[in-house]
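Note on naming: letters A, B, ... go to the chains in the order of the sequence lines (proteins, then strands), and numbering restarts at 1 for each one.
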Amino acid sequence: MASSIRVRATANGDITEVQALIQHPMDTGFVKDAKGELIPAHYIQQLKFECNGKDVFVADWGTAVSKDPYVKFSFKGAKKGDDLKVSWTDNKGGSDTITAKIS
Amino acid sequence: MKRSLACAMVLALLLAFSFALDVAPARAANEADYKTAYSAAEAASKEAASLRHQWTVTVSVLAAAKKAADGGDFDRAVAAAREAEALAKASIFQATTEKEAWKAMEIR
Amino acid sequence: MTTLPGPTATRRLILQGAASVALLGLGNLPFGAAPARAAANDKYPEEAFKQKSEADAIKALYGQTAEPSDKVKLDAPEIAENGGVVPISVTTTLDKVTSISFFVAENPSALAASYTIPEGTIPAVANRLKMAKTTNVVAIVEADGKLYSATKEVKVTVGGCGG
Amino acid sequence: MKARTSILFGSLSAALVALALTSPRVVAADKVDPVADARAFQNFFFQKFPDVKHEDFVNGPYSMNEDMKRQWQEKEEFPPYEFALDAGKEMFATPFKNGKTYADCFPNGGVGIRQNYPYFDEKEGKVVTLELALNRCREANGEAPYSYVKDEMASLTAYMAFTSRGKPMDIKIPDDPRALAAFENGKRYFYTRRGQMNFSCASCHVQSPGERIRAEILAPALGILNAMPIYRSEWSGMGTTTRRFVTCNSQTRAVPLEPQADEYRDVEYFLSYVANGLPISGPGARP
């Protein structure tokens, strides 16, 4: 199955811009399904970006983050070809990880 | 232009007439009253559907009428059936007038 | 365009700050004097995400109150295209930034997202949040141990003509 | 009950007002002339919105409002339909049980042809839309057809639309009376009022594009299908043309027709033809 994480990391000069889109329902636990039962909360709690063995960005998310969440940030100290490891864990113990090359 | 305004007038009359029906029966409605009101409403609703101009509210009010009748509340059931009939008739009127009226809006 | 928080917003923040301080006295908040959130702290701030009000969430997360600052540039739409996907981003010229967080005041729980900004990461984040209704979006930046905030009201309603 | 009848009178007054509003029109000769219709349709929008670039009309509400356009551009940086697009590409590549693939059903392997759909099938004497052709391809290869309103169909059409991005819409009407009748039937459906709200597609998308309907801005009718299928934040999911027609119907409280009903196929034919020349911008992201 293709990974749930799409990531684009482009380096120009010393600054690498990172964009990530993650396929996840991000259910809040307040929404009812067609049969009227509450859909239990199911959302990514932590998303971590590591590069060259160091955390470059850690996101702690609540239920107010949109479905198929998106985040954009930039950081210094990396160059084209370095590996960027992206991993997330959700409140049901689900998780996924991917390693992308900085282009 | 004059002609389409006239059609709207007829639509208004028709609705007023159906609205008046609501208050007619004095004694409590019984199953027979419900049956006649419901069948009239169902016929109008079927015709609206055949013209492919059915309204969602007609369907829901008709269902409400049936539900009320199943619960034995025939007053409410008859009122709902009458309203469903009025809605269905209005949608039939809409279908027939629009057969020509749409041209008024067309970009030429 | 940065909108400086109007006097009412600042007064409200201070008032809420005062209220929560009072609450502190009652020992309601488990860790009143929590240390400012260190950058490397990876623990998921469970408590902060449970707080309903924005002031309590800020208190639970950072243990202090924020003061509005025009160095925090919060970018959010005037009228949200859709309450489920509201693009919100923040940039700041402050330095030694260790954390950035977003709060949606009248959401079921105010804290929406909190980001740890390690050394070497540019203090700017863009994300898409859910908003329950028209309310204030507050961005908080923790720089050199102090908190700075920017607030903007975003209008939210449903679309379409009914059905 | 009282609320319902008051809404009824409300819609009646809306009807009266709308009827009075429509400017007087001389009844045109009833010879169907699609070329003239398309020119008049496009000129109406070009004159109504002189500062909107012609190819921008395909961006629907975003061609009408700056604040919305900014939110759209931010979404387009990493659009929410990425997943549907990748799924569609994968589905297009995976062969059916009998070894064939979608590419065998479509000219040019299904790549870069979306701008020619819907087309008039002279054998069948009816309009065939892209969604219908996809399901017929599945059935011809022994596979179960997909729902017209669910994600699988949207992923397929998203991929095919993506391969045609930027190509001008190019719908042909053969010199066949049945094709002209289908075009006219589509036009009639577009302008016919329906539902208790007594709105036609034109009431919103011709009379008041650019205006707000609660949180949303109404899209102009010109090029309104060029971005299909669309990822709608409101549905937080993909939507095919069929799903859009069905939901528009229920919003005006009209009972929707069955998917790929003749009227839906014809109105798609009409709307696509009058948008000839405008670029395909699918898949799109919308509020």
### Query
In terms of heavy-atom pairs under 4.5 Å with chain A, which of Ser109(C), Pro87(C), Ser89(C), Pro108(C) leads?
Pro108(C)
#### Entry: Atom pair CG/CD1 of Asp55(A) and Ile117(C) - distance to nearest 0.5 Å
12.0 Å
#### Entry: Interatomic distance, Tyr43(A) atom OH to Lys130(C) atom NZ [nearest 0.5 angstrom]
11.0 Å
Can you name the closest pair of heavy atoms from [X] and [Y] and give their distance?
| X | Y | answer |
| --- | --- | --- |
| Tyr44(C) | Gln45(A) | CE1-O, 3.2 Å |
| Ala113(C) | Val65(A) | CB-CG2, 4.3 Å |
| Lys54(A) | Glu119(C) | NZ-O, 3.4 Å |
| Ala64(A) | Ala112(C) | CB-CB, 3.7 Å |

#### Entry: Residue, of Gly62(A), Ala20(A), Ser66(A), Pro69(A), that accumulates the most heavy atom pairs under 4.5 Å with chain C
Ser66(A)
### Task
Please work out whether the ring planes of Tyr115(C) and Phe57(A) are parallel, tilted or perpendicular, with thresholds of 30° and 60°.
parallel
Side chain / backbone / both / neither for [X] at chain C, heavy atoms under 4.5 Å:
| X | answer |
| --- | --- |
| Leu47(A) | neither |
| Ile44(A) | neither |
| Phe49(A) | neither |

### Message
Using a 6.0 Å cut-off, check whether atom NZ of Lys92(A) has over 12 heavy atoms from anything other than its own residue.
### Response
yes
### Message
With a sphere of 6.0 Å drawn around NZ of Lys71(C), does it hold more than 12 non-hydrogen atoms of other residues, nucleotides or ligands?
### Response
no
### Within-4.5 Å side-chain heavy-atom neighbours: Thr116(C) and Gln46(A)
no
### Task
Examine distances only and state if a side-chain atom of Thr121(C) and a backbone atom of Phe75(A) form a donor-acceptor pair shorter than 3.5 Å.
no
#### Entry: Side-chain donor or acceptor of Ser114(C) paired with backbone N/O of Asp60(A) under 3.5 Å
no
## Note on the structure
Cut-off 4.5 Å, heavy atoms of chain A, and the answer for Val104(C) is neither
